[in-house]
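What follows is a short report on a single structure.
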Amino acid sequence: MSAPADPAAAATTFPSPAISLPVGLEILRTYSGALVCLEILFGGLVWILVASSNVPVPLLQGWVMFVSVSMFVFSTVYLIVFLLGFADRINTDWNFLDLAYHFIAVLLYFGAFVLEAATTAANGQFNGTVCVRPSSGNIITFMDGRQYSINVAATIFAFLVTLCYGCSMFMGFKRWRMYR
């Protein structure tokens, strides 16, 4: 004997997932899927480059490392959710979630880009074999030519990944406005 349907239970159910991106391998054929792959690639390069420079300015570059590692992991998980089709099974507004995620990523990566550029520019007085920033206080930072070159490359890739996240956010905003 089954219990009668509770009318209050129907009011607490979630709507079907709102998603305008394809799931499975089809996500890789869209601009959004390609941008997420570029975000992962360029974010991984920022992570590797900053780590390989031996983090000469840990106060600034620690944030860059945190952002690049975190966004690398989150973007990979985000792509896997779509590749494995979990987006169809999880009842949420994926268009809004896409917009919110990429907005937060743009803010974090823009800050990381500015800090990496500041670190590189502060040590930009290349003096043959060592980059030295004259001290206005007690702290002098030294970078050899290799570390300086690596930080320049990390700055460029941090800008590129910020640009990718910005494009993804813009496309997510268009999808959210269209399907809300």
Side-chain angles (χ1 to χ4, degrees), residues 17-53 55-88 90-124 147-180:
I19 184 171
S20 59
L21 287 171
V23 294
L25 291 176
E26 292 297 314
I27 187 73
L28 298 177
R29 294 184 184 191
T30 64
Y31 289 120
S32 293
L35 279 171
V36 170
C37 290
L38 287 175
E39 292 161 7
I40 293 169
L41 176 70
F42 292 155
L45 284 172
V46 171
W47 174 13
I48 291 167
L49 288 168
V50 172
S52 68
S53 74
V55 191
V57 187
L59 183 61
L60 301 178
Q61 291 181 308
W63 178 253
V64 177
M65 285 292 292
F66 169 75
V67 170
S68 62
V69 171
S70 298
M71 291 297 110
F72 179 85
V73 170
F74 293 148
S75 292
T76 303
V77 168
Y78 180 78
L79 184 61
I80 288 172
V81 163
F82 278 93
L83 282 174
L84 297 180
F86 292 138
D88 277 339
I90 300 172
N91 292 327
T92 190
D93 185 0
W94 284 99
N95 294 323
F96 177 75
L97 190 65
D98 180 53
L99 172 64
Y101 167 69
H102 284 102
F103 176 74
I104 291 168
V106 165
L107 288 179
L108 292 176
Y109 246 113
F110 182 74
F113 159 67
V114 168
L115 289 175
E116 184 62 28
T119 301
T120 305
N123 293 292
Q147 287 176 322
Y148 179 73
S149 299
I150 289 172
N151 279 298
V152 168
T155 302
I156 292 168
F157 282 112
F159 174 75
L160 288 175
V161 76
T162 304
L163 196 62
C164 288
Y165 277 113
C167 291
S168 290
M169 182 190 72
F170 177 72
M171 289 191 309
F173 178 72
K174 285 176 42 177
R175 277 192 306 274
W176 175 71
R177 292 279 302 200
M178 186 180 305
Y179 294 103
R180 85 179 160 133

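One is the number of the first residue; the rest follow in order along the sequence. Quick note: numbers below take in every heavy atom, side chains included, and nothing from hydrogens, waters or symmetry partners.
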Checklist entry - Mind checking what makes salt bridge (charged side-chain N to carboxylate O under 4.0 Å, His left out) contact with Arg29, not counting sequence neighbours? => result Glu26
Checklist entry - Are Tyr78 and Phe82 an aromatic pair by the rule of ring centers under 6.0 Å? => result yes
Item to check | Phe42 vs Leu163 side-chain heavy atoms within contact, under 4.5 Å | outcome: no
Next on the checklist: With a 4.5 Å cut-off on side-chain heavy atoms, are Ser68 and Tyr109 touching?
Outcome noted: yes
Item to check | Exam field: side chain Trp63 to backbone Leu115, donor-acceptor pair closer than 3.5 Å | outcome: no
Next on the checklist: Tell me if a side-chain donor or acceptor on Ser70 pairs with a main-chain N or O of Val67 at a distance below 3.5 Å.
Outcome noted: no
Checklist entry - Taking the side chain as C-beta and beyond, is there a heavy-atom pair between Leu83 and Leu28 under 4.5 Å? => result yes
Item to check | Between CE on residue Met65 and CG on residue Leu60, distance to nearest 0.5 Å | outcome: 14.0 Å
Item to check | Pairwise distance OG(Ser20) to NZ(Lys174) - rounded to 0.5 angstrom | outcome: 11.5 Å
Checklist entry - How many angstroms lie between OG1 in Thr120 and CD1 in Ile156, if you round to the nearest 0.5 Å? => result 9.0 Å
Checklist outcome for this item: Residues Ala112 and Val64: closest non-hydrogen pair is O-CG2, 3.4 Å
Next on the checklist: Side chains of Glu39 and Ser168, heavy atoms from C-beta outward: is any pair under 4.5 Å?
Outcome noted: yes
Checklist entry - Is any side-chain heavy atom of Val161 less than 4.5 Å from a side-chain heavy atom of Phe113? => result no
Item to check | Between CZ on residue Phe96 and CZ on residue Phe173, distance to nearest 0.5 Å | outcome: 11.5 Å
Next on the checklist: Contact between Val46 and Glu116 at the side-chain level, heavy atoms closer than 4.5 Å - yes or no?
Outcome noted: no
Next on the checklist: Restricting to ring-ring contact (aromatic ring centres under 6.0 Å, His included), what partner residues turn up for Tyr179, sequence neighbours left out?
Outcome noted: none
Checklist entry - What distance separates Gln147 CD from Leu49 CG, expressed to the nearest 0.5 Å? => result 12.5 Å
Next on the checklist: For Gly85 versus Val23, what's the shortest heavy-atom pair and its separation?
Outcome noted: CA-CB, 4.0 Å
Checklist entry - How far does CG of Leu38 sit from CG of Leu45, to the nearest 0.5 angstrom? => result 10.5 Å
Checklist entry - Hey, do the aromatic rings of Phe74 and Tyr101 have their centres closer than 6.0 Å? => result no
Item to check | Closest heavy-atom pair and its distance - Met169, Leu99 | outcome: O-CD1, 3.7 Å
Next on the checklist: Do Leu97 and Asp93 have side chains that approach each other closer than 4.5 Å (heavy atoms only, starting at C-beta)?
Outcome noted: no
Checklist entry - Under 3.5 Å, side chain of Ser75 to main-chain N/O of Phe72, donor-acceptor pair present? => result no
Item to check | side chain to side chain contact (heavy atoms under 4.5 Å, CB included) between Val36 and Ile40, intermediate numbers included | outcome: CA-CA 6 Å; Val36 170; Ile40 293 169; 4.1 Å; yes
Checklist entry - Are any side-chain N or O atoms of Asp98 and backbone N or O atoms of Trp94, one a donor and one an acceptor, separated by less than 3.5 Å? => result no
